[in-house]
Amino acid sequence: MNSFKKIAGVAGLLLFTLILAATLSDSFLSSFNIENLIRRSSLIGILSIGVAFVIITGGIDLSIGSVVCLVGCLTPFLITKWEWHPALALAAMALLSLTIGLTHGLLITKLRLQPFIVTLCGLLIYRGITRGLVADQTQGFAGGFKGLRWVAKGQIDLPGLDFGLPVPAIVLVVLAAAAIYLLNYTVWGRYMMAIGQNEKAALYSGISTDRVTILAYVICSLIAGVGGVLYVFDFGSAQPVDFGNFFELYAIAGAVLGGCSLRGGEGTIIGVIIGAAVMQVLKNMITLVDFFSSSIEYAVIGVVILMGVMADEAIRRFASRK
């Protein structure tokens, strides 16, 4: 019931922001903008699903944007410069993403390092490695591989509408369904919730907390890798200096706004997706409305995260008094 209330609350916030944006900008409801908004919301929603698993276990991952950069730059680099077969390049990126998540999990569980420190260092390391490997040069597909890029650029025509459903929205639905099943209908999902609520109690009850925590970070990095591939397919090129910058903030903000408690043990995938959509609508509104300056975009992210944490703390205190 508590989860339903959180979903209803963030859904109401999404509706309010949609009405506000449509009121302030005549171009908000244009078919081009709606299609672009769905595409962008789907991409950031995918990243938010990944970080939600980590947050639910009581951790954090600040390296998402740099993983997106690493995968996003190396994918066209391997395909165009080294002439790897696309399937081989994508398999290599999946393995790389898995390795990154496994490394994070092992450092956090075996060496008992703080997730904040481990992933903050990852944020710096992966972007630095990317810039070194590609010599700080922009990587792209030179207008080719349009069939491959359909996964991010394509759309499905919808009868009676002037815009199509972007393919990333379908990818989001598939990932969301898998995440909901894992989180709500498997023992691994219940273990993640238990660890987030009380790790010591979970350990004493016989749960292998290390394995579950490692799994959460592996899932997060793998989904970040998927996001990196989709983003570079969508944009067509990636510059290692700024590709993926602050993506981790949008993902974390979407997860927190969607009901994931930064203390762990709480969160729903549907809420996370709606929260990510709210973030994208706010960003879109700032871009379209002349009243706002695009320079306040990150200020809005900070305010949203702060409000989410404050609301979570207020709910916790109210529940404890009740």
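Reckoned from all heavy atoms, side chains included, excluding hydrogens, waters and symmetry mates. Computed from a predicted structure; not experimentally measured.
Under a 3.5 Å cut-off, the side chain of Ser63 and the backbone N or O of Ser66 do not form any donor-acceptor pair. With Ser30 contributing its side chain and Ser27 its backbone, the two residues share a donor-acceptor pair below 3.5 Å. In terms of modelled atom types and a separation under 3.5 Å, the side chain of Asp242 and the main chain of Asn245 share no donor-acceptor contact. Although no hydrogens or angles enter the test, the distance criterion places a donor-acceptor pair under 3.5 Å between the side chain of Arg127 and the main chain of Phe243. In this structure, Thr119 contributes its side chain and Gly122 its backbone to no donor-acceptor pair below 3.5 Å. The backbone N or O of Ser237 sits nowhere less than 3.5 Å from a side-chain atom of Gln239 that would complete a donor-acceptor pair. Not one N or O on the side chain of Ser25 forms a donor-acceptor pair closer than 3.5 Å with the backbone of Ala22. Looking only at distances, a side-chain donor or acceptor of Ser205 sits under 3.5 Å from a matching main-chain atom of Ala202.
Here the shortest heavy-atom pairing between Arg39 and Gly154 reads NH1-O, 3.6 Å. Between Ala251 and Ile44, the shortest heavy-atom contact is N-CD1, 4.2 Å. The heavy-atom pair separating Ile55 from Ser261 by the smallest distance is CG2-O, 3.3 Å. In terms of heavy-atom proximity, Gly45 sits nearest to Leu172 at C-CD1, 3.8 Å. Asp61 approaches Ser221 most closely through the heavy-atom pair OD2-OG, 4.2 Å. What you find for Thr268 and Gly258 is that their closest heavy atoms are OG1-O, 4.1 Å.
Rounded to the nearest 0.5 angstrom, Ser41 OG and Ile34 CD1 are separated by 9.5 Å. Rounding to the nearest 0.5 Å gives a distance of 4.0 Å between CD1 of Ile49 and CD1 of Ile273. In this structure, CG in Leu18 is found 10.0 Å from CG in Asn284, a value given to the nearest 0.5 Å. Atom CD1 of Ile270 sits about 5.0 Å away from atom CD1 of Ile7, to the nearest 0.5 Å. Here the CE-CG distance, from Met279 to Leu282, works out to 6.0 Å after rounding to the nearest 0.5 Å. Here CG of Leu165 is found 10.0 Å from CG of Asp157. Values are rounded to the nearest 0.5 Å.
When hydrophobic clusters are built by joining Ile, Leu, Val, Met, Phe, Trp and Tyr residues whose side-chain heavy atoms come closer than 4.5 Å, directly or via intermediates, Val68 is not grouped with Leu95. Connection of Trp150 to Leu148 is established within a shared hydrophobic cluster, with ILVMFWY side chains joined at heavy-atom distances below 4.5 Å, either directly or through further cluster members. Both Leu78 and Phe145 are assigned to one and the same hydrophobic cluster, defined by single-linkage of ILVMFWY side chains at heavy-atom distances under 4.5 Å. Following chains of ILVMFWY side-chain contacts shorter than 4.5 Å, one cannot reach Val173 starting from Val171, and the two form parts of different hydrophobic clusters. Under the 4.5 Å side-chain contact rule for hydrophobic residues, Phe116 and Ile108 do not share a cluster.
Within 6.0 Å of CG on Leu288 lie more than 12 heavy atoms contributed by other residues, nucleotides or ligands.
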Give every donor-acceptor pair under 3.5 Å between a side-chain atom in residues 176-196 and any protein atom, sequence neighbours left out.
from, atom 1, to, atom 2, distance (Å)
Asn184, ND2, Ile180, O, 3.0
Thr186, OG1, Leu182, O, 2.4
Thr186, OG1, Gly189, N, 3.3

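In summary, Arg149 and Asp234 do not engage in a salt bridge, as defined by a charged side-chain N under 4.0 Å from a carboxylate O.
The side-chain contact (heavy atoms from CB on, under 4.5 Å) test with Pro240 is passed by exactly one of Leu133, Leu74, Val134: Val134.
Aromatic ring centres of His104 and Tyr126: separated by under 6.0 Å.
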From CA spacing to verdict: side chain to side chain contact (heavy atoms under 4.5 Å, CB included), Leu257, Leu13: CA-CA 10 Å; Leu257 196 60; Leu13 179 59; 4.0 Å; yes
Intermediate values then yes/no, side chain to side chain contact (heavy atoms under 4.5 Å, CB included), Phe141 and Phe233: CA-CA 9 Å; Phe141 299 97; Phe233 281 174; 3.4 Å; yes
Test log, rule side chain to side chain contact (heavy atoms under 4.5 Å, CB included), inputs Met285 and Leu24: CA-CA 8 Å; Met285 183 173 65; Leu24 295 176; 4.1 Å; yes
Residue pair Leu37, Phe28: steps toward the side chain to side chain contact (heavy atoms under 4.5 Å, CB included) verdict: CA-CA 9 Å; Leu37 185 61; Phe28 179 79; 3.8 Å; yes
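Counting only residues at least two apart or in different chains, ring pair (Phe, Tyr, Trp, His ring centres under 6.0 Å) contacts with residues 43-80 comprise Phe77-Trp82. The salt bridge (charged side-chain N to carboxylate O under 4.0 Å, His left out) contacts involving residues 254-265 comprise Arg263-Asp312, Arg263-Glu313, where partners must be two or more places apart or lie in separate chains.
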